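All remarks here apply to the structure that follows.
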Amino acid sequence: MSSPKDLPKPLTNPLAAELTAEHQLKKTQTEEKVVLPSAEEIASEKSQQRLFQSIEAFDEKCLKKQETVEKQVLPTAEDIKAEKPLI
């Protein structure tokens, strides 16, 4: 059995009263508009699809192996002296 604590409290503020009151609304018809893509958009999408297909069909075996060499160049004493602000 429900106790008084479990029951919903009645709405007392004016906003709640407005929300729960009956309203006289007019019937309306909804219209769904279908916007078709333009010829430019279709051409753009087709060119993107062709690009993606050419990337997927690319043969990795035709690439040459390349070794990466990282170089770290330290500044010379002259470079450091040139960058120091004059005090």
Side-chain angles (χ1 to χ4, degrees):
M1 189 138 188
S2 299
S3 67
K5 294 179 190 176
D6 297 337
L7 295 175
K9 296 179 182 177
L11 300 174
T12 56
N13 62 14
L15 179 61
E18 179 68 28
L19 290 173
T20 57
E22 287 198 32
H23 300 283
Q24 297 297 325
L25 300 176
K26 298 177 185 177
K27 290 279 186 182
T28 60
Q29 288 269 338
T30 58
E31 292 182 29
E32 292 186 23
K33 296 181 180 180
V34 179
V35 180
L36 298 176
S38 67
E40 294 171 352
E41 292 171 338
I42 293 172
S44 168
E45 190 170 332
K46 282 184 181 180
S47 67
Q48 285 181 347
Q49 286 178 347
R50 277 187 256 126
L51 175 65
F52 291 145
Q53 288 173 350
S54 67
I55 291 172
E56 290 173 355
F58 183 74
D59 185 20
E60 299 172 3
K61 295 176 183 173
C62 67
L63 295 175
K64 299 177 186 176
K65 292 285 181 181
Q66 186 65 37
E67 220 173 287
T68 305
V69 179
E70 294 184 20
K71 298 179 182 179
Q72 185 176 9
V73 180
L74 298 175
T76 62
E78 294 170 357
D79 293 337
I80 295 172
K81 186 177 179 181
E83 289 186 11
K84 273 190 180 176
L86 299 174
I87 300 176

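Note that the coordinates shown come from a computational prediction; the quantities given were computed from them, not determined experimentally.
- Under a cut-off of 6.0 angstrom, the local environment of CD in Gln49 is crowded, with over 12 non-hydrogen atoms contributed by other residues, nucleotides or ligands.
- Rounded to the nearest 0.5 Å, atoms CD (Glu56) and CG (Leu51) are 10.0 Å apart.
- Atom CD of Gln48 is surrounded by more than 12 heavy atoms from other residues, nucleotides or ligands within 6.0 Å.
- Minimum heavy-atom separation, His23 to Glu18: NE2-O, 3.2 Å.
- Put simply, the residue from Ser38, Ser44, Pro37 that forms a side chain to side chain contact (heavy atoms under 4.5 Å, CB included) with Glu40 is Ser38.
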